[in-house]
Amino acid sequence: MELNDLERQRAEKVTRLQEANVAPYPHRSHRTHTTAQAIAAFEASVADGSPAPQVTVAGRVVSMRNMGKLMFAHIEDAADRLQLFIRSNDLGEDAFNLLKRTVDLGDFVEATGTMVRTRTGEISVQAETVTMLAKAITPLPIPKELEDEQGNITRFSAFSDIEERYRQRYADLAVNREVREIFRVRSRMITALRSWLDSHDYLEVETPILQPIYGGAAARPFTTFHNQLKQNLYLRISFELYLKRLLVGMYERVYEIGRDFRNEGVSYKHNPEFTQLELYCAYTDLYGIMETVEQMLAHVAEATLGSRQLSFAGQDIDLTPPWRRATLRDVIQQATGIDYVAYPDADRLRTEMRQRGYAAASDASWGHLVDTLLGEAEPHLIQPTFVHDYPVEISPLAKHKPDDPTHVERFELFVGGMEMGNAFTELNDPFEQERRFVQQGRAYEAGDQEAQPMDEDYLQAMMYGMPPNGGFGLGIDRLAMLFTDHRSIRDVLLYPHLRSRDQ
RNA sequence: GGCCCGCUAGCUCAAUCGGUAGAGCAGGGGUCUCUUAAACCCUUGGUUACAGGUUCGAGUCCUGUGCGGGUCACCA
């Protein structure tokens, strides 16, 4: 370990404790109360006139005010802070002086004593003993805080360097309480999703992450290799094909929450690995899925935030069903003035787009150009909106509309200007599915690296008969962004992907 | 990948036209038995991201590299 000056001073304090026969890292704590429980116990004793409770509390030292033979400190545990009122008289001179010479901000300590109210009215522990639980060596950037009459907290020189916060998330979490809350919200949100799905007869399953053939989405995969089997493998880009095989196997409602991996650009809304919910439901279709999604997410919002209304990027969003439904054609026409149906091939659509001042890559297929146009509309889709009826070219796993073979029964869900999810009436005709795979193969050979490879085993499954069904995929990270009002996916990932830094 | 911005003490930030690298907090030494951004006195701490260049002299100007942020492209 290479230590800087401050760390060296703290390491010396470890030695000082050892010399005084005090363990700097004792095996266990003897906490009897969390800080909140200690305060509650004190208030209860005041209410019924019983003697003030004796407690042992534990936590990280987050502030200290030393006054010679008297010391005030706050400790913080997972939820709250509590003041320690430490007097030389109560501890004994030796113990008090040792504490004074060895304790730093950031250390974990335990204090035993009686709950009291100090002269300024703050509920505190009047400590009889203060024990080191874990000496911190690297100083944590714990900011000073000022709380006004209304309880508003002003922080001074808070740890705010974005890069360091991501790289050393433990330090970020330790000193920025609101960051801890983000991940509590995220966890509640996922719990609520599971609970809703479980109570609607969905079975949670797990499917392979290491796959010999990837598929189910338009994306480039990560590749890896099994040494002993000498087998090339891909990290999954979606769960879709494995989940739909389970409908062949007579489960009617299945879902999985897990990680997808896509070997693509990193941005404020893309991380190389991200969390996805996919669900499949037999005997329903795209329109049934719309209702499922509305009900589910309205429930999740209430269970997580206590409301169906939320605020994201300065805009009020209402998740109360029913949600707006609009065709892709209408949405694009409203945003760009272009009716893509009137330009049914890539050359004509490209020309029209360029005339109207939109970028259109020379090598882009018609489907990609339509997708580019959707990108123009996306930022305007603030309230929850099901954008439905997509061109078949960019939807190889969806069933076409009964009256229009050029479009499929598919929607993408947009909220807050972000794409949140994607759903189809799932294709279950093995002959049609084979033609779509062949078409994708041609696209791949033509240079589309996101085209999906043929999956013979998936076709085999479908040939045994797959019930008509609807499926839905939801970006959990993006939902977390929405629920916590953060515009960067990195803010809702505990450990976002970052480049390695030179040592 | 293109373009723009950033990187200075443990943390948050200064540093004028290119002229001795500073402050607050944290740390160390003191005073102080009801403080709460405690206060007061003294004080340690720097490869200015890295490598090179221009210059008598570079945190500052130039080139390159790294990392991050933004944006465009890509990406359902």
Side-chain angles (χ1 to χ4, degrees), chain A residues 3-10 12-13 62-74 81 83-91 96 101 104-106 116-122 124 126 136-148 153-168 171 175 216-220 237-238 262-272 274 276 328 359 361 364 367-368 370-372 374-375 378 387 390 394-395 410-414 418-423 449-450 473 475 478 487-488 490 496 498-503:
Chain A
L3 302 182
N4 65 32
D5 285 349
L6 293 174
E7 290 167 336
R8 214 169 295 122
Q9 284 172 359
R10 289 178 173 217
E12 281 161 18
K13 291 178 183 179
V62 292
S63 74
M64 281 195 291
R65 291 166 299 285
N66 198 325
M67 323 207 25
K69 293 189 159 47
L70 174 66
M71 186 198 251
F72 292 93
H74 279 88
R81 291 185 173 193
Q83 182 168 261
L84 305 182
F85 175 44
I86 307 164
R87 303 195 310 165
S88 177
N89 285 359
D90 296 329
L91 256 64
F96 185 85
R101 291 177 61 222
D104 285 295
L105 290 180
V116 295
R117 210 182 268 279
T118 58
R119 215 168 277 169
T120 52
E122 181 164 350
S124 310
Q126 183 165 353
I137 301 301
T138 303
L140 265 180
I142 299 172
K144 294 207 171 186
E145 295 185 350
L146 176 61
E147 191 173 344
D148 68 15
I153 291 173
T154 309
R155 254 190 265 174
F156 302 88
S157 304
F159 183 45
S160 58
D161 183 289
I162 290 172
E163 181 173 356
E164 288 310 317
R165 285 183 44 228
Y166 294 156
R167 286 190 192 278
Q168 302 200 46
V175 302
R220 294 160 69 176
I237 59 172
S238 83
R262 297 189 184 175
N263 206 338
E264 289 165 350
V266 177
S267 80
Y268 71 98
K269 47 182 177 175
H270 298 270
N271 197 61
F274 62 100
Q276 177 101 330
L328 178 64
H368 271 110
V370 172
D371 212 46
T372 304
L374 174 57
E378 192 171 345
V387 177
Y390 276 64
I394 51 176
S395 314
R410 170 185 182 183
F411 74 69
E412 288 187 312
L413 170 62
F414 292 87
M418 283 188 297
E419 186 206 332
M420 308 293 298
N422 185 22
Q449 291 183 292
E450 284 137 27
R478 297 210 183 149
R487 269 172 268 189
S488 171
R490 298 175 197 111
L498 297 174
R499 281 191 167 89
S500 316
R501 197 154 48 176
D502 293 345
Q503 293 306 309

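Bear in mind the structure is a predicted one, so any value in this text is a computation, not a measurement. Any value given below was found using the heavy atoms of this structure, including those in side chains, with hydrogens, waters and symmetry copies removed.
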B/C25 C1' sits how many Å from A/L146 CG, rounded?
14 Å
By the 4.0 Å heavy-atom rule, please label A/R478 as base, sugar-phosphate, or nothing.
nothing
Nucleotide opposite B/A23 in a Watson-Crick or G-U pair, distances under 3.5 Å
B/U12
Of the nucleotides B/C34, B/C11, B/U33, which has the atom closest to the A/N89 side chain?
B/U33
How would you label the contact of A/A219 with the nucleic acid (heavy atoms, under 4.0 Å): base, sugar-phosphate, or nothing?
sugar-phosphate
Strictly below 4.0 Å: does A/K144 bring a side-chain N or O up to OP1 or OP2 of B/A38?
yes
Check: B/U35 base within 3.5 Å donor-acceptor of A/T118 side chain:
yes
Residue list, side chain to side chain donor-acceptor pair (under 3.5 Å) with A/E7, at least two apart or on another chain:
A/T138
Describe the nucleic acid contact of A/R87 in one word from base, sugar-phosphate, nothing, applying a heavy-atom distance below 4.0 Å.
base
Rounding to a whole Å, what distance do you find between A/R155:CZ and B/C11:P?
17 Å
Spacing of A/Q168 atom CD relative to B/C67 atom C1', expressed in whole Å:
14 Å
Under a 3.5 Å cut-off for both distances, is B/C32 Watson-Crick or wobble paired, and to whom?
none
Heavy-atom pair of closest approach, residues A/L105 and A/M64
N-CE, 3.8 Å
Looking across every strand, which nucleic acid part, if any, lies under 4.0 Å from A/E412 by heavy atom: base, sugar-phosphate, or nothing?
base
Rounding to an integer number of Å, can you tell me how far A/F85 CZ sits from B/U35 C1'?
9 Å
Taking atom P in both B/G2 and B/A73, what distance in whole Å separates the two?
16 Å
Given atom NZ of A/K13 and atom C1' of B/G29, what is their separation to the nearest angstrom?
12 Å
C1'-based separation of B/A39 from B/C34 [nearest Å]
14 Å
Hey, does A/Q83 reach any base, or is it just sugar-phosphate, or nothing, if we go heavy atoms under 4.0 Å?
base
Are A/H74 and B/U35 close enough that a side-chain N or O sits under 4.0 Å from OP1 or OP2?
no
Can you name the residues that form a side chain to side chain donor-acceptor pair (under 3.5 Å) with A/E163, not counting sequence neighbours?
A/R167, A/R501
Measuring only the P atom in each nucleotide, how far is B/A58 from B/U48? A whole number of Å is fine.
12 Å
Base partner of B/C7, which must satisfy Watson-Crick or wobble distances under 3.5 Å
B/G66
Would you mind telling me which residue lines up with the more 5' stretch of RNA chain B, A/A359 or A/P141, judged by nearest nucleotide?
A/P141
Can you tell me how far C1' of B/G66 sits from CG of A/L498, to the nearest Å?
14 Å
Send over the distance from A/R487 CZ to B/G70 P, rounded to a whole Å.
11 Å
So A/E7, base contact, sugar-phosphate only, or nothing? Heavy-atom distance under 4.0 Å.
nothing
Contact under 4.0 Å: A/R65 side-chain N or O vs B/U35 OP1/OP2
no
Classify the nucleic acid contact of A/R167 as base, sugar-phosphate or nothing, counting any heavy atom under 4.0 Å across all strands shown.
sugar-phosphate
Shortest non-hydrogen contact from A/K69 toward A/F96
C-CZ, 3.5 Å
What's the shortest heavy-atom distance between A/A136 and A/G106, and which atoms?
CB-O, 3.6 Å
Taking atom P of B/A37 as reference, at what distance in whole Å does atom CZ of A/R81 sit?
12 Å
Restricting to side-chain contact (heavy atoms from CB on, under 4.5 Å), what partner residues turn up for A/R65, sequence neighbours left out?
A/S63, A/F72, A/H74, A/Q83
For atom P, what is the distance between B/U71 and B/G64, given to the nearest Å?
25 Å
Base-pairing assignment for B/C17 (Watson-Crick or G-U wobble, both under 3.5 Å):
none
Whole-angstrom distance between B/C62 and B/U16, as gauged at atom P:
15 Å
Every protein N/O lying under 3.5 Å from an N/O of nucleotides 41-46 of chain B:
none

Report the base-pairing partner of B/U55 (Watson-Crick or G-U wobble, both distances below 3.5 angstrom), or none.
none
Partners meeting side-chain contact (heavy atoms from CB on, under 4.5 Å) with A/F156 (sequence neighbours left out):
A/K144, A/L146, A/T154
Please give the distance between the P atoms of B/U63 and B/U54 as a whole number of Å.
15 Å
Do the charged groups of A/R81 and A/E145 touch, with an N to O distance under 4.0 Å?
yes
Name the nucleic acid region contacted by A/S267, choosing base, sugar-phosphate or nothing; use a 4.0 angstrom heavy-atom cut-off, strictly under.
nothing
Closer than 4.0 Å, any side-chain N/O of A/R499 to the OP1 or OP2 of B/G68?
yes
Could you check A/Q126 against A/E147 and say which one's nearest nucleotide on RNA chain B is further toward the 5' end?
A/Q126
Looking only at heavy atoms, which two atoms of A/R410 and A/I394 are closest? And how far apart?
NH1-O, 2.9 Å
Pick the P atom in B/A21 and in B/U44, then give their distance to the nearest Å.
16 Å
Under a 3.5 Å distance rule, please check whether A/R262 uses its side chain to pair with a backbone N or O of A/I237 as donor and acceptor.
yes
Closest to the side chain of A/L70, out of B/U71, B/C34, B/G68, is B/C34
Using the test side-chain contact (heavy atoms from CB on, under 4.5 Å), find all partners of A/D148 that sit at least two apart in sequence or belong to another chain.
A/Q150, A/N152
Nucleotide paired to B/U60 in any strand shown, Watson-Crick or G-U, under 3.5 Å:
none
Partner of B/G1 by Watson-Crick or G-U wobble geometry, both contacts under 3.5 Å, or none?
B/C72
Work out how far the P atom of B/G18 is from that of B/C25, and round it to whole angstrom.
32 Å
Can you see if the side chain of A/R490 gets near the phosphate of B/G69 - specifically, an N or O under 4.0 Å from OP1 or OP2?
yes
Kindly point out which of B/C11, B/G69, B/G10 is positioned nearest to the side chain of A/F159?
B/C11
